[in-house]
Amino acid sequence: METKHNVSIEDRFGNRGTEVYKPVTEKEISDFLKKANEEGKSVSIEGGGTKRGYGGQGEAYDWTLSLADWKGVVEHQAGDMTVTVRAGTTIAELQTFLEDYDQKVSIDPCWPDDSTIGGVISANESGPKRMNYGSARDLVIGLRVVYPDGEVIRTGAKVVKNVAGYDMNKLFIGAMGTLGVISEITMKLRPKPKYESLVLLSVEEEEVDTLRSLAVSIQDAMIEPVCLELMNPQLSKYLTGREAYTLLVGFEDVEKAVKDQEGWMEYHKPASAQMDVKQEEDAREFWKAFSKRAPNALDQSDGETKVVLKTGSKPMEAFSIIKEAEKIQHEVSVQVESHGGLGHGISQLVVSGSEEGIVSFVDQLRKYAAKQKGYVILKHLPTELRKSIDPWGNYTSGLFLMEKIKKAVDPDHTLNHQRFIGGI
Amino acid sequence: MLKEMVEKKATSLPCDSTTMTNYFSEDHPDEEKWADCVHCGMCLEACPTYLITGQEQHSPRGRVHLIKSVAEGKLNLNEAFADPVFQCLDCRACTTACPADVDVGGLIEEARGQVRKAMPLTGWKGVVSSFFLKGLFPHQKRMGAVGGMLKFYQQSGVQKLMRGSRALQIMPSHLSGMEAIMPEVGSPVQQKYKDVDVIPAKGTPKARVAMLTGCIMDVMFSDINQSTINVLTYNDNEVTVPKNQTCCGALHVHAGDRDTGRKLAKQNIEAFENDEKVVVNAAGCGCALKEYPELFKDDPHWRKRAEAFSEKVQDISKYLYDTGYEKPKSSIDKKITYHDACHLAHGQGVRHEPRQMLKDIPGIDYTEMSRADTCCGSAGIYNLTHPEMAKAVLDEKMKHVPEDVEMISMGNPGCMLQMAMGVQKYGRRSDIVHTVQLLDWAYQKDQKSTVHQGKE
Amino acid sequence: MLKRKKNKREGMDPHIRSLMKIVGEKEILYKPEDLLSYDCDGFTVHKAMPKAVVFPENTEEVSAIVRYCHMNNLPFLARGAGTGLSGGAIPLNNEVIISMVKMKKMLHVDLENRQAVVQPGFVNLKLTHSISDKGYYYAPDPSSQYVCTIGGNVAENAGGAHCLKYGVTTNHILGLEVVLPDGEVIELGEAGVPDRPGYDLMGLLTGSEGTLGIVTTITVRILKSPQGKQTVLAYFDQVEDGSRAVSDIISAGIVPAALEMMDKTAIEGVEAGTYPVGHPPDIEALLLIEVDGILAGLEEQVEHILEVCRKRNVREVKVASSEEERGRWWANRKTGFGAMGAISPDYLVQDGVIPRSRLPEVLQNIYDISRTSGLRIANIFHAGDGNLHPLILFDSRVPGETEKALKAGTECLKACADVGGSITGEHGVGIEKKEEMRFIFTEEELEAQMRIREVFNPYDLLNKGKLFPTPSRCMDVKKIVKETVAVK
């Protein structure tokens with residue numbers, strides 16, 4: 001196991017120990033955790049290191065467990081449409097491997113080249129296409145998890161349907177590494193679409209409501225978009241060169257069906273909308289650029305402070321959240337690039353500007369989201385700022401149960417202490 | 001007190017000491033019938049009483065479980081067993097829902113026979129039951145007299161007076177509800193054709209059929225019997241009305257009085273011995289006739305005769321559909337829906353034929369009712385013995401009856417009375433008709449217009 | 001009269017009297033004759049009598065009942081339609097059964113956000129029926145969907161024929177209101193908003209077989225009905241050809257909405273049942289394959305499927321020509337289990353899951369088990385998911401045959417576990433497969449799960465004795481060692 005000592009923790013995102021361990025076997029992970037647990041060391045866990053700015057208000061950690069070198073596909077049976085992969089494998093590596101079999105993991109989070117599958121699952125990251133393909137909780141069918149005491153526990157199985165015992169997979173998805181270290185992941189796969197295209201519809205700010213009506217009628221029609229993502233003018237300007245609200249409607253199917261649906265869009269688009277269609281490679285290129293736009297913790301440059309917000313709402317409320325964010329950004333003088341999934345309710349906003357501006361932006365957006373029964377959390381922000389804004393917000397129902405679960409699984413707070421909601 | 005008596009009776013059953021079962025040795029529920037039940041529960045949502053109570057002892061699989069438990073000696077033939085067994089509407093919806101074709105209806109009827117043997121009815125229920133079942137239905141003359149009284153009552157204006165006065169409130173509320181929807185009474189076909197051996201076909205006769213007139217049908221709904229004869233003869237069938245026929249016995253069997261049921265069955269089997277086809281326009285009666293063999297499990301001779309008999313029985317709609325009928329040319333411009341009588345849809349599997357008949361009449365704007373094959377709560381004399389449940393079942397039924405239909409068509413007199421009550425209760429404007437009546441009316445219009453044309 | 005009634009009440013079990021106060025006199029059953037119908041669910045091998053059955057009508061009543069049981073140390077459990085196939089609702093400990101069937105309202109439908117809010121007693125298929133006029137449906141479709149409740153579906157994480165493409169219940173649950181075993185009410189996934197921060201308790205609750213809490217309100221995802229559906233029926237002369245065709249279809253990049261298989265014995269059963277289709281009696285296997293989606297793309301997929309089947313020596317393959325024909329094929333399939341009653345007095349259904357590429361060998365193993373046990377086994381199952389349903393046919397009146405059937409069932413599960421599969425894909429563990437949990441989990445893994453139960457259900461009053469094997473000696477020894485070490 002490679003070990004780095006005296007790692008600088010003076011960077012902007014924290015969540016790191018003074019020593020970094022990079023195991024290359026599961027046994028090493030297990031031994032490491034056992035030792036940490038026995039010696040009362042606090043451990044932070046990372047994969048590609050993109051999410052170090054995500055959560056955590058406590059002091060520095062003693063040790064960091066990096067899974068960056070624990071990678072590779074363990075098992076893949078094309079006919080079973082499942083894959084078992086080690087946690088440190090990046091999304092891009094995994095997709096490239098599956099490409100040869102005309103298969104894919106249908107998850108499209110940010111930074112596929114750097115994000116590891118373990119990190120994506122632990123942080124429950126997703127992208128626009130979750131509308132059709134679901135998120136980590138829909139894809140993960142089995143895990144190997146190293147518990148804080150070093151015990152390796154398997155959850156689920158390598159079969160696509162399984163109700164034996166509790167669905168323990170769910171416990172570790174999105175748990176921010178506070179309960180165990182995910183070592184291996186088994187996921188359902190899908191065939192690579194035979195054809196894909198992306199319809200972009202742009203309208204001027206005053207016409208934005210026509211996109212909402214369109215989104216409603218798309219969902220009420222019998223067409224099957226894989227995403228229905230609304231970009232604000234700033235993000236659209238960066239990605240398409242057009243500073244206008246832009247609705248991204250993706251289609252993945254056999255070519256005939258995709259073309260048929262493009263036809264539907266052409267016929268039903270608002271009169272004032274500009275419609276572009278990107279096909280195949282062009283669509284893939286667009287998504288690549290899309291996935292790299294938000295900042296992550298690998299970017300240590302000193303420029304302007306940028307934070308990343310994730311909001312959750314009822315699906316169509318994502319529209320009003322994107323609109324409200326536009327309003328607030330002008331009031332508090334920050335810049336926002338945002339996109340919201342009108343079919344799934346998750347929005348992501350990159351906010352840049354002064355720290356006070358950001359704090360007040362978050363505060364106002366949280367109030368607005370709460371009114372819609374939604375929430376706002378911060379996925380990426382500097383350590384300093386985490387002291388003035390709780391990344392997780394204040395209330396969640398059933399918190400006392402979560403605390404008890406943490407206590408039952410990790411009584412000594414060995415793993416990612418205080419990284420998660422309510423200081424778990 | 002009553003309960004204690006019952007329990008005592010139940011524990012001193014004849015076979016109790018010798019075998020495990022708590023049933024009498026004769027005519028007990030058939031083990032083969034419940035052996036098919038795997039307790040899967042697919043019957044639950046089909047059962048009207050389960051839907052209302054939510055309690056499993058009032059569900060088909062619950063009842064089968066109880067019936068089995070008595071045989072296993074876990075339960076006695078007592079009030080607690082009798083209640084769920086008699087709450088059953090005997091609507092047979094469970095038989096349709098059951099993937100393994102368990103004959104729940106048959107089991108229920110057998111169990112009822114056992115219960116009535118162990119604990120004969122007492123109190124007002126006993127009086128009502130024996131008045132209707134033993135004193136009235138099997139006797140044509142008495143039924144005729146009742147019919148006559150009803151006719152007098154309706155025509156004399158006393159009815160109006162009664163309905164207007166508080167006198168009705170003396171009757172139990174569910175009976176006064178019944179009174180309000182009593183049909184207009186015509187003259188029974190039994191009497192009308194008593195001197196006619198064969199009612200001739202309109203054209204060259206293609207077949208001869210015998211008609212079961214039914215006890216209630218012929219008194220309260222004699223016009224439907226007339227319509228049945230009309231459509232049969234219109235389609236070139238000769239019709240006979242055998243004299244010795246009697247009540248089908250369905251209500252008796254439903255009530256657990258299987259001995260009377262058997263007596264009536266024998267009489268009917270004999271009465272129709274020489275006929276090749278027995279056509280019935282009341283679903284409940286038709287179903288009972290078809291099930292006569294069930295009554296003679298322990299009597300091979302009569303079982304054989306009953307089997308031969310039941311083969312000959314057919315519902316009027318099925319008979320017409322199978323043998324072909326002339327499609328009327330005159331139109332009846334009405335918005336109509338159809339209610340599946342339980343003993344037609346579930347009991348005899350007749351669903352498509354009457355609907356097709358309606359659709360074949362020009363002008364009819366047909367609307368399918370949701371859950372059309374859910375019981376209306378009539379279920380023979382169930383609405384007399386279990387008024388509360390019958391009312392709840394009817395309320396549920398009425399939720400599914402489209403509000404804007406002008407007519408509700410069906411193939412069973414009991415349903416017609418019950419549905420009429422529903423229509424009245426909910427202030428609907430739909431007329432209740434028998435499917436065969438509509439066909440008859442359309443034919444009559446046809447005839448009139450041919451007469452007209454002939455004149456011109 | 002009044003006095004007599006009072007006397008009657010006085011003789012009554014005080015707990016019954018207290019529960020009666022909560023739900024009302026009519027909403028409780030406590031006489032043995034009335035309770036008899038509740039001594040088992042769809043799993044009939046074990047039977048036990050409940051203490052009472054109560055019928056709450058709202059969350060407050062459920063909470064009050066649970067709190068009462070909690071305070072008075074009374075075991076309790078929740079029951080829906082009682083169609084479960086693993087005995088999850090059997091009152092092993094003389095439980096108070098909380099029947100959820102009176103909580104059967106649909107509370108809210110929000111088409112724009114594609115969600116519906118229902119009470120737990122709401123029947124699965126009714127949901128689809130009540131939104132189908134607007135072109136929407138609820139995807140999970142267990143074969144018992146005509147009667148089973150959505151609350152029960154949540155408890156068991158029910159699957160169905162169409163979960164190959166659309167996922168199981170857990171993939172369609174957006175929010176839950178839950179009464180915890182001490183009576184406290186919590187809300188998870190409020191307003192159906194996804195990814196709420198915190199552990200995914202909703203995911204954990206779903207499929208916990210009623211051992212962690214009682215669900216009282218459910219927010220589900222509803223879907224727009226697909227534009228088109230095509231259903232294919234393929235008859236094979238060899239089981240192996242049929243099962244290889246399953247993998248071939250999936251490997252060809254087709255995601256069928258459903259891919260079902262029946263073997264010869266199963267076909268005999270369904271043809272003797274209420275909904276025969278007229279399958280040829282001499283074929284060894286049939287596949288029922290459905291694709292759905294954009295009409296323009298379906299033909300190509302169907303062609304592809306036909307081609308795969310032909311390559312696998314299909315005897316006859318046809319596409320449903322009408323909705324009516326499609327309906328008949330599905331009714332025949334969906335009532336398959338119950339139909340076995342028509343060819344066998346009893347059956348035991350197993351529910352193992354395997355990686356679908358192992359289908360041919362595992363089916364062979366099952367036929368071997370049938371041969372050695374001397375019992376017929378019918379296979380009627382979700383081949384696309386690798387979810388087997390061996391139906392072991394037996395006659396409980398023949399002495400020793402029940403035991404033989406149970407043993408054969410266990411062997412089938414072992415065969416599934418041995419190829420890296422699971423012992424249950426959708427029916428749950430319940431009482432039935434408790435011990436078989438050891439086929440797939442180590443002591444430590446079981447203990448990790450039991451720790452979660454302790455968090456929710458520390459006094460083990462809620463649905464006790466289900467889901468986990470009785471602690472083995474090895475485990476006990478470990479605990480003792482731990483404790484001794486701690487003392488030292």
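Convention: sequence-line order gives letters A, B, ...; per-chain numbering from 1. Remember, predicted model here, so these are calculated numbers, not experimental data.
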task: May I ask you to check whether over 12 heavy atoms, not counting those of K34(A), lie within 6.0 Å of atom NZ?
output: no

Heavy-atom nearest pair, K224(C) first then A221(A), reads CG-O, 3.6 Å

For P194(C) and H344(A) the tightest heavy-atom approach is CG-O, 3.1 Å

Bottom line for T82(A): the part with an atom under 4.5 Å from chain C's heavy atoms is neither

Whatever's closer than 4.5 Å to a heavy atom in chain A on V353(C) counts as both

On a heavy-atom basis, the closest approach of I440(C) and R154(A) is O-NH2, 2.7 Å

Practice item. Check step by step if side-chain contact (heavy atoms from CB on, under 4.5 Å) holds for V163(A) and E156(C). Key: CA-CA 7 Å; V163(A) 294; E156(C) 300 292 320; over 6 Å; no

The interface call for N124(A) against chain C, heavy-atom contacts under 4.5 Å, is both

The interface call for F441(C) against chain A, heavy-atom contacts under 4.5 Å, is both

One should read off an interatomic distance between N162(A) CG and D385(C) CG, to the nearest 0.5 angstrom, of 11.5 Å

Do the charged groups of E426(C) and K161(A) touch, with an N to O distance under 4.0 Å? yes

Subject >> ring-ring contact (aromatic ring centres under 6.0 Å, His included) evaluation trace for Y199(C) with F420(A) >> reply: CA-CA 9 Å; Y199(C) 299 137; F420(A) 204 20; 5.4 Å; yes

One should read off an interatomic distance between K259(A) NZ and I294(C) CD1, to the nearest 0.5 angstrom, of 14.5 Å

Closest heavy-atom pair, K170(A) versus T170(C), reported as atoms and distance to 0.1 Å, is CE-OG1, 3.6 Å

* Asked: Under a 4.0 Å N-O cut-off, is there an ion pair linking K310(A) with D195(C)?
  -> yes

Taken in chain and number order and not counting sequence neighbours, the residues that satisfy salt bridge (Lys or Arg N to Asp or Glu O under 4.0 Å) with E112(C) are R212(A)

Ranking M81(A), K406(A), R137(A) by heavy-atom pairs under 4.5 Å to chain C gives rank one to R137(A)

Heavy-atom nearest pair, N113(C) first then M316(A), reads OD1-N, 2.7 Å

dist S397(A):OG -> M202(C):CE (nearest 0.5 Å) comes out at 11.5 Å

Turns out that what part of I354(C) lies under 4.5 Å from chain A's heavy atoms comes down to backbone

Worksheet item: If you count the non-hydrogen atoms of other residues, nucleotides and ligands that lie under 6.0 Å from NZ in K256(A), is the total more than 12?
Response: no

Going through the distances and angles, do K314(A) and D110(C) end up as a side-chain contact (heavy atoms from CB on, under 4.5 Å)? CA-CA 10 Å; K314(A) 286 189 183 179; D110(C) 178 353; 4.0 Å; yes

So, the part of V258(A) with a heavy atom under 4.5 Å from chain C: the answer is neither

The salt bridge (Lys or Arg N to Asp or Glu O under 4.0 Å) partners of E190(C) (sequence neighbours excluded) come to R196(C)

Looking only at R221(C), E184(C), H427(C), K134(C), the option with the highest number of non-hydrogen pairs under 4.5 Å against chain A is E184(C)

When rounded to the nearest 0.5 Å, the distance separating OG of S251(C) from CG of D80(A) is 8.5 Å

The interface call for F172(A) against chain C, heavy-atom contacts under 4.5 Å, is neither

Any chance you could lay out the side-chain contact (heavy atoms from CB on, under 4.5 Å) test for R356(C) and V160(A), step after step, and finish with the verdict? CA-CA 9 Å; R356(C) 63 176 82 79; V160(A) 294; 4.1 Å; yes

Turns out that what part of A252(C) lies under 4.5 Å from chain A's heavy atoms comes down to backbone

Smallest heavy-atom separation, Q219(A) atom then R114(C) atom, equals O-NH2, 2.7 Å

Output for pair (I452(C) CD1, I405(A) CD1), nearest 0.5 Å, gives 5.0 Å

Does a side-chain heavy-atom distance below 4.5 Å link E300(C) with E255(A)? no

Practice task
Could you give me the CA-CA distance, side-chain angles and deciding distance for Y166(A) and F456(C), then say whether ring-ring contact (aromatic ring centres under 6.0 Å, His included) is met?
Solution key: CA-CA 12 Å; Y166(A) 295 143; F456(C) 283 83; 8.0 Å; no

d(S208(C) OG, D167(A) CG) to nearest 0.5 Å is 10.0 Å

Scored by heavy-atom pairs under 4.5 Å with chain A, the best of G192(C), G253(C), G425(C) is G425(C)

